[in-house]
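The structure appears below as structure tokens.
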Amino acid sequence: MTARILAVAVTSLLASTAALAEEGMWLPRQTPSLAAELKSKGLQVDPATLADLQKAPMNAIASLGGCSAAFLSPQGLVATNHHCVYGSIQYNSKPGQDYLTDGFLAANLGDELAAAPGTRIYVIEDLRDVTAQMNKGVTTRLTGAARYEKMEANRKALVSACEKQPNRRCDVRAYYGGATYYLQQQLEIKDVRLVYAPAGGIGNFGGETDNWMWPRHTGDFGFYRAYVAPDGTSAPYAATNVPYKPKAWLKVATEGVKENDFVMVAGFPGTTSRLVTAAEAKFNFETMTPVQQQLLNDYSAAIEKATAGDPDATIKYASIIKGADNYKKKYLGEMAGADRIGLAARKDAAEAEYRAWIAADPKRAAMYNPATLDALVAEANQSALDNVRMGTLGRAQLLSAARNLYRWSKERQKPDAQRESGYQDRDLLPTQQRLTAIERRYVPKVDRALFEQALTEYRKAPADKRDPALEAKIAELGMDRIYADTQLGDTATRLAWLNKSPAEFEASTDPFIQLAVASYPRDIAREAEAKDRAGKLQAARSAYMRGMLAFAESKGRTLYPDANGSLRFTYGKVTGKAVDGQVWTPFTTAEGLVAKQTGKGEFAAPQKAIDLIKAKDYGRWTAPALGTLPVDFMSTVDITNGNSGSSTLNAKGEFVGLAFDGTLDGVIADWQYDPTINRTIHVDSRFMLWTMDKVDGAQRLLREMGVM
């Protein structure tokens with residue numbers, strides 16, 4: 001199927017079967033096919049506006065490179081989740097200046113703090129089909145490695161051409177397993193500053209206990225600001241920089257949402273796996289996820305043990321442990337969810353129907369042959385399991401830094417276009433900033449404990465997969481010497497290695513540099529194996545997915561692409577659900593927050609907030625239908641990781657809150673959407689505005705957002 005025919009097929013699929021239309025993370029360009037459905041669900045603006053990346057609301061949606069966000073003012077003010085700015089709160093905290101606990105509010109522009117190094121705001125500009133360009137010169141005669149290299153060269157050429165425009169960050173992403181490709185173009189804002197984050201007792205109220213749970217009472221919001229040079233160009237942090245003026249920003253709704261209201265979420269969802277084969281899904285839940293969950297559980301416990309009683313270390317590792325805790329709990333939910341909905345049986349049934357359709361026609365059998373994909377999947381599954389154990393060595397921050405630095409020295413011997421992705425000139429500044437950020441997230445005794453734990457896991461991988469040279473060098477040096485003799489803990493020294501030659505690395509006596517040099521040959525060999533496998537998988541999976549698209553079209557079914565970090569929107573309604581004898585109402589309230597308040601640990605909201613709630617001092621932020629202040633609400637919109645910080649919009653396209661979580665029983669949606677359990681949790685804009693107004697005195701920002 002040619003790229004043009006495939007595009008037509010996808011469009012025709014999108015126009016059919018509206019019954020499950022709330023399922024799916026849609027590309028903006030798919031909006032016209034959904035127009036009638038969107039209007040019938042309650043959308044009050046022209047659906048065509050959702051396809052225009054040059055206007056609000058879509059042009060106001062931004063990415064943080066892991067979280068989503070949106071502009072809420074003409075002065076570059078960006079709203080996102082508290083947990084998305086957590087790294088910057090942590091980076092700017094220290095004993096005696098604990099913004100993680102106390103929160104942070106800049107009194108004026110001059111008081112806004114530089115975000116953690118490497119923080120970016122990416123402003124969407126274009127998302128265009130480049131399938132033909134990606135497949136140029138790609139033939140069935142190529143080996144897996146050659147196919148990979150050809151497509152990688154094509155991708156680099158597309159990215160390079162796109163980034164000839166100043167201050168742009170471009171990337172090519174695969175859709176439908178590589179059946180189609182789109183280039184995403186974004187303006188890269190390099191100067192990002194922390195403006196406001198409520199106290200941890202609001203922004204992280206309930207902590208890990210309430211994570212992925214309902215009812216929820218968390219004010220998971222925070223604000224960054226984008227800055228540019230005085231001439232309007234993107235530039236690194238400088239005192240002379242000025243607030244960025246976005247083309248569009250979201251209007252904050254004067255009225256909040258109520259039960260059954262239409263809502264949308266726009267953002268950059270990370271990864272879903274709904275279109276994988278049954279074998280991949282089974283392997284994940286029977287083998288891979290239990291290992292990943294246990295590794296994260298042990299990792300979190302090791303950090304807690306190593307930082308206990310040390311306030312400085314606790315602050316430095318706060319964002320790391322928060323991320324580990326989030327995922328270890330999610331994995332538990334996914335495993336339980338897979339059993340609950342009978343994921344394996346569902347995948348088997350759907351796959352059997354599709355493959356029977358393939359087998360019924362010799363031409364289809366030749367075009368979409370699943371046997372090739374199945375064999376490659378089996379190989380890739382085992383490799384992934386080995387990699388997840390061996391990858392724990394990356395937790396040793398100086399080892400990771402040294403390996404990265406040595407690779408830079410090797411790659412810089414090549415012309416820029418021939419270097420590996422991640423080691424081109426476009427990647428130098430982000431690399432420098434990541435290396436700098438280590439200084440406030442590294443404690444030698446903690447890093448050593450994590451390295452030693454990682455080695456235990458590493459050695460559980462098959463001996464023929466491990467690196468004997470690396471293991472021998474670790475044994476030769478010994479942990480005492482590795483940490484006592486290294487100079488890489490010093491930021492200036494660490495950064496200086498970016499400019500050194502391979503020969504200087506190979507002559508170094510620094511223990512971590514020696515480990516990096518020792519591990520390099522095996523790293524490169526494993527990378528070559530992975531590239532060959534990736535090339536073969538792309539050929540097999542893209543063919544299989546073209547067949548799946550054709551099969552879905554023959555059945556009048558909608559087949560949307562898995563999430564892949566590109567701009568999407570989804571929609572649904574504000575509603576609760578019944579759960580095994582319980583009724584989950586769609587809103588939580590301030591009174592519920594007080595009922596949970598203990599004043600200790602995870603349930604310690606600021607006393608001022610508690611006093612205001614007890615006095616029912618909600619001002620203009622009361623929800624008429626509830627007669628009180630809403631905190632969070634629940635909807636049917638379809639999200640995943642990466643959607644954190646995504647703005648929630650009402651039927652008029654106005655800002656009414658931020659998506660920040662799902663429920664533990666619904667995280668299986670990454671693998672299989674189930675409308676009976678899939679729910680998204682949002683912080684209500686009225687709670688955000690009340691906190692800003694009544695608790696923290698952020699009237700300057702409220703005026704800037706046009707709500708005062």
Side-chain angles (χ1 to χ4, degrees), residues 53-82 84-85 87-89 91-92 104-125 165-169 185-198 221-252 266-268 429 433 567 645-647 649 653-655 658 685 688-689 692 696 698-708:
L53 301 186
Q54 305 308 313
K55 297 179 182 177
M58 286 303 180
N59 188 253
I61 306 303
S63 170
L64 303 180
C67 281
S68 300
F71 290 104
L72 290 193
S73 90
Q75 296 299 313
L77 187 68
V78 170
T80 187
N81 286 156
H82 183 273
C84 294
V85 303
S88 292
I89 305 172
Y91 186 80
N92 283 288
F104 171 77
L105 173 63
N108 51 57
L109 290 175
D111 292 331
E112 294 174 357
L113 300 174
T119 304
R120 296 286 190 273
I121 293 173
Y122 299 99
V123 185
I124 188 69
E125 293 183 326
Q165 305 169 88
N167 306 314
R168 266 50 184 188
R169 194 72 177 181
Q185 175 182 315
Q186 297 169 305
L187 172 65
E188 180 182 22
I189 304 291
K190 303 183 185 74
D191 185 351
V192 180
R193 304 188 194 179
L194 181 64
V195 177
Y196 167 53
F221 71 94
F223 288 88
Y224 278 142
R225 192 184 303 278
Y227 278 77
V228 292
D231 64 1
T233 60
S234 178
Y237 177 90
T240 54
N241 284 354
V242 297
Y244 168 69
K245 298 185 182 302
K247 291 181 180 178
W249 56 92
L250 299 178
K251 178 183 178 183
V252 179
F268 295 81
L429 179 60
Q433 292 174 322
L567 179 63
S646 293
S647 287
L649 312 177
E654 299 169 333
F655 179 86
L658 294 165
S685 60
M688 295 173 58
L689 299 171
M692 297 171 74
D696 289 333
Q699 284 78 20
R700 173 178 76 94
L701 301 180
L702 294 174
R703 286 191 293 271
E704 182 180 336
M705 292 157 55
V707 296
M708 287 194 79

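The residues of the chain are indexed from 1 along the displayed sequence.
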Spatial distance of atom [atom1] ([X]) from atom [atom2] ([Y]) [nearest 0.5 Å]:
| X | Y | atom1 | atom2 | value |
| --- | --- | --- | --- | --- |
| Leu187 | Thr233 | CG | OG1 | 10.0 Å |
| Asn167 | Ile189 | CG | CD1 | 8.0 Å |
| Phe268 | Leu64 | CZ | CG | 9.5 Å |
| Ser685 | Glu654 | OG | CD | 10.0 Å |
| Arg700 | Met692 | CZ | CE | 9.5 Å |

Search all heavy atoms of [X] against all heavy atoms of [Y] and return the closest pair with its distance.
| X | Y | result |
| --- | --- | --- |
| Ile89 | Ala197 | CD1-CB, 3.6 Å |
| Gly653 | Leu250 | O-CD2, 4.3 Å |
| Met58 | Leu53 | CB-CD2, 4.0 Å |
| Ala62 | Ile121 | CB-CG2, 4.0 Å |
| Ile61 | Ala70 | CD1-CB, 4.1 Å |

Q) Do Phe104 and Leu113 pass the side-chain contact (heavy atoms from CB on, under 4.5 Å) test, and can you show the C-alpha distance, the side-chain angles, and the key distance before you say yes or no? A) CA-CA 10 Å; Phe104 171 77; Leu113 300 174; 3.6 Å; yes
Q) Which residue, Gln75, Glu112, Arg193, forms the side-chain contact (heavy atoms from CB on, under 4.5 Å) with Pro243? A) Gln75
Q. Out of Leu109, Thr240, Val192, which residue meets the side-chain contact (heavy atoms from CB on, under 4.5 Å) rule with Tyr227?
A. Leu109
Q. Partners of Ala116 by side chain to side chain contact (heavy atoms under 4.5 Å, CB included), sequence neighbours excluded?
A. Ser88, Tyr91, Thr119, Arg441
Q.
Test of understanding: with side chain to side chain contact (heavy atoms under 4.5 Å, CB included), list the residues that count as partners of Leu77, not counting sequence neighbours.
A. Ser73, Val195, Phe223, Arg225, Leu701, Glu704, Met705
Under a 4.5 Å cut-off applied to non-hydrogen side-chain atoms, are [X] and [Y] in contact?
| X | Y | answer |
| --- | --- | --- |
| Asn81 | Cys67 | no |
| Arg120 | Leu429 | yes |
| Phe221 | His82 | no |
| Leu72 | Trp249 | no |
| Leu658 | Ser646 | no |
| Val228 | Asn241 | no |
| Leu689 | Val252 | yes |

Q) Only one of Gln54, Gln165, Arg168, Gln186 forms a side chain to side chain donor-acceptor pair (under 3.5 Å) with Glu125, so which one is it? A) Arg168
Determine yes or no for a side-chain-to-main-chain donor-acceptor pair under 3.5 angstrom, with [X] supplying the side chain and [Y] the backbone.
| X | Y | answer |
| --- | --- | --- |
| Ser63 | Tyr122 | no |
| Asn108 | Gly110 | yes |
| Thr80 | Ser68 | yes |

Q.
Here's a test for you: under ring pair (Phe, Tyr, Trp, His ring centres under 6.0 Å), which of Phe655, Tyr224, Tyr244 qualifies with Phe71?
A. Tyr244
